[in-house]
Amino acid sequence: MDAKPSSSRSNKKFAAIAIALLAVCLACFLVTRLAPVDEPDVPTEDLDVQVVTTEADGQEEPDDLPARAATGIAMQATQGSGELDIERALPGGKRPANLSDGTWTIFVYLCGSDLESQSAAATKDLNEMLSGCTSNNVRFVVETGGARRWRNTAMSPRKLGRYVVQNGRIQEVGSLASSNMGEASTLASFLAWGIKAYPAEHMGLILWDHGGGSISGVCFDELNRRDSLYLRELDTALNQAYGLMWDKFDFIGFDACLMSTLEAANVLATYSDYMIASQESEPGNGWEYTSIARQLSQNPNCDGRELGRVICDSFLASQGASTRGFVTLSVVDLSKIDALLESYHRFSSEMYDLGSNQQNLAAISRSIQKVDNYGCNNRSEGYTNMVDLGGLVATCASAAPSAADVQAALYDAVVYQIRGNLHADACGLSTYYPLYINGKSELSIFQTVAVNPSYLAYVDRLAHGATTGHTQGYSPSSIFQDSLWNWLLGNSQEVQDQVEDNWSYVDDHDGTAPQLTFADPPQLDAEGTLWFRFDQAGIDRAAVVSAYVYQLSDDGKHALAMGETYDVYGDWETGQFSDGFNGYWLSLPDGQSLNLTVQSADDETIVYTSPIELNGQECHLRVRQDVATGKVTVEGAWGALGENGAVDRSVRPIEAGDTILPLYPAMTVAENKPVADYEGEPYVVGSGGLEVSYGYLPVGTYLYSFCIQDVYGDVYRTESVQFEIDENGDIYF
């Protein structure tokens, strides 16, 4: 672009009137390394495979597992009482007489998935265990499965492999027919076998794979339609194994994305001293196992907290410049979780009562939009609906007396954490909040893991509001009087079906907000500025105001989505908003504009996501813009949320030689119907890396409308106005 960027609006001229509404929502082997297959710089190795048979080898029969309930937690509460009754199961086994001091067994439930089949991530981590595990007192007991392909010559997708890594060697000690690693019975069988065969003074468990947070869970089996372990399934599996244990695990960790949640901590608190997990997506390399193994080999008497610190620090140290800024990892003292749950129960009752007033509900919703969130939460990539627990509580801190108790309990529970500068305010634990109502399946899953009924009722009220456009007359009786929140209900399919039926009312929810009300509807003034003013009802129902821009195709038949901008001036006191658009947009170095959706925003930075093809693979480019300076930083490329809720761990830096193809969702102008995405021109990244510029949109004809998100997460778009950008960068409305 020849024109230099300018912040002036003096060249904006009135030229046209509003046009039609555009409503688019858019085996034993003794080796020192496992050689990855088909990597050009690493040759395939022929491994000398031997099978070591143990007495405990083979699949545990169901009758061999202890008779235990489907859940290890009993929780009950009544509305507004401030009391939360929690009972947790006890271990049912007897401590073996021959356990030696300073011995460790870490069970690794290694569901390889596409992380292994595409990038050998599991093989690399096994090699790290081999490099660091130099003591006979420390062993990793591993079960492998869940991947279409293993990138080494020893493992096979046709079986569940069982291996022991100890003193610099890896042994296959048995194998089973391939089974779904997203089933509770598979995990329970592995743990029951492992606890009998390899007991130790200290024991830990690592769940390795993709994660999706409180709703989607962890371990997405690539061979079984990416089925995953939901939190209630994890509870069931752990309770079965707990019948054989004499004490809690020293730690349970998730080498997976998004699993440091209050809901997960509630489940694990029955079975473990500490939880180690990340609030945010984990980069593809995951944890650094050489340091973990060395710590245990050199300091076998360390506890879960001390080991957790090493896991966090080595994880951070292993990050490159492109990932260091956004990583998180927390060590949570699970003995403190019940105190946190009790204070959060009282807080949730206060939050529910505050939200009964529409003005308070709007204020809370606006504040939560600025709370740090994790994974992806936008209409382009999808919604994980995981937000920072501390940030959520802070939104009501001035009006909810129990907020201070929650914050103190949270501080006590999170005993160590690392966080990049892009998550400087991360508290260490997330929780579910419906930034967008994803449907009855997600809500029914949340109901089964919600930690108190008042917060469940708050979410239920939001869902009713999203469906009907209002919450007048809403009653939480179905949750309280009908006992729909109760951990004693169990986890049977019958119960699950019943729970899902409770949310059938959201079937018709389409994400479109009903007509918002205005004192002055959207209009152009004499200076060519688009503006509107809410009435009081509109102020009380709106949460976020942004703008949306389309570019018309040369023939005028199609509108190509350029995306979303926060260049809007507004005042929530008066309800008046006007466009602050000056023609600036983010573009590739060759001048191609990017289709932008806001991933997150606060007073200092805005993070945008843009759909692209990177070297022929569809993904999303994320960039961060400093609000004060306009400076743009490229964070990397992310995959969209997986079909079953798995979050992509493979965050890719953009490198020289990469080919980027911008994508633009499109629609017909006449019928407002979606059509196939338009493609831009391929752009090859140069030796200096990718720099995204901030300058004028290209010459052309565009459409502009306000995009208003209500307190329930639904969107209303105003009628669009047409504007032109000429060769001088002047804007004509």
| query | Given the rule in the side chain to side chain contact (heavy atoms under 4.5 Å, CB included) test, do L84 and R346 qualify, once you have shown the distances and angles that lead to the verdict? | reply | CA-CA 9 Å; L84 182 68; R346 296 189 294 271; over 6 Å; no
| task | Would you check, one step at a time, whether the test side chain to side chain contact (heavy atoms under 4.5 Å, CB included) holds for T71 with R232? | result | CA-CA 7 Å; T71 176; R232 289 301 293 259; 4.1 Å; yes
| message | What verdict does the side chain to side chain contact (heavy atoms under 4.5 Å, CB included) test give for L296 and C302, after you've listed the backbone C-alpha separation in whole Å, the side-chain angles of each residue and the deciding distance to 0.1 Å? | response | CA-CA 7 Å; L296 293 177; C302 71; 3.8 Å; yes
| message | Could you walk me through whether W503 and Q447 satisfy the side-chain hydrogen bond (donor to acceptor under 3.5 Å, both in side chains) test, starting with their C-alpha distance in whole Å, then the side-chain angles of each, then the deciding distance to 0.1 Å, before giving a yes or no? | response | CA-CA 10 Å; W503 300 91; Q447 180 176 322; 2.7 Å; yes
| task | Verify side-chain hydrogen bond (donor to acceptor under 3.5 Å, both in side chains) between N385 and E442, making sure each step is shown before the conclusion. | result | CA-CA 10 Å; N385 284 328; E442 175 172 305; 2.8 Å; yes
| message | Applying side-chain hydrogen bond (donor to acceptor under 3.5 Å, both in side chains) to D114 and H210, what does each step give before you reach the verdict? | response | CA-CA 9 Å; D114 59 324; H210 290 292; 2.7 Å; yes
| I276/W287 under side chain to side chain contact (heavy atoms under 4.5 Å, CB included): CA gap, chis, key distance, verdict | CA-CA 11 Å; I276 305 167; W287 293 3; 3.9 Å; yes
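Taking 4.5 Å as the limit, some side-chain heavy atom of T103 sits within range of a side-chain heavy atom of S100. With a 4.5 Å cut-off on side-chain heavy atoms, D333 and K336 count as touching. Put simply, the side chain of S260 reaches to within 4.5 Å of the side chain of M275, judged on heavy atoms. Between L341 and N452 the shortest side-chain heavy-atom distance does not fall below 4.5 Å. In this structure the side chain of C312 never reaches within 4.5 angstrom of the side chain of Q417, judged on heavy atoms. D250 is not listed as a side-chain neighbour of Y274, based on a closest heavy-atom distance of 4.5 Å or more. Counting only heavy atoms from C-beta outward, the side chains of P91 and D247 never approach each other to under 4.5 Å.
Minimum interatomic distance between W246 and P199 (heavy atoms only, all atoms of both residues): CH2-CB, 3.7 Å. Across all their heavy atoms, I206 and D255 have their closest contact at CG2-CB, 4.1 Å. Of all heavy-atom pairs between M386 and S430, the closest is CE-CB, 4.2 Å. Nearest heavy atom pair, residue C257 against residue E282, reads SG-N, 3.1 Å. Closest of all the heavy-atom pairs between L262 and L389 is CD2-CD2, 4.2 Å.
One finds the CE atom of M245 at 8.0 Å from the OG atom of S272 (value rounded to the nearest 0.5 Å).
With ring centers used as reference points, F249 lies 6.0 Å or more from Y271.
The aromatic rings of Y374 and H423 sit tilted, their planes meeting at an angle between 30° and 60°. In this structure, F446 and Y455 have perpendicular ring planes: the angle between them is above 60°, well past the 30° mark. Classification of the F190-F107 ring pair by plane angle, with boundaries at 30° and 60°, yields perpendicular. Ring pair W193/Y198 is perpendicular by interplanar angle, where above 60° counts as perpendicular and below 30° as parallel.
T431 pairs with exactly one of L392, T261, D388 by the side-chain contact (heavy atoms from CB on, under 4.5 Å) rule, that one being L392.
When atom types are taken as modelled, the side chain of S228 and the backbone of C219 share no donor-acceptor pair closer than 3.5 angstrom. T328 places a side-chain N or O within 3.5 Å of a backbone atom of Q279 that can act as its donor or acceptor partner. In terms of modelled atom types and a separation under 3.5 Å, the side chain of N224 and the main chain of D227 share no donor-acceptor contact.
Look at R88 and D338 and you find a salt bridge, because one of the NZ, NE, NH1 or NH2 atoms lies within 4.0 Å of a carboxylate O, short of that distance.
Within the cation-pi definition used here (under 6.0 Å to the ring centroid, within 45° of the axis), R305 does not qualify as a partner of Y416.
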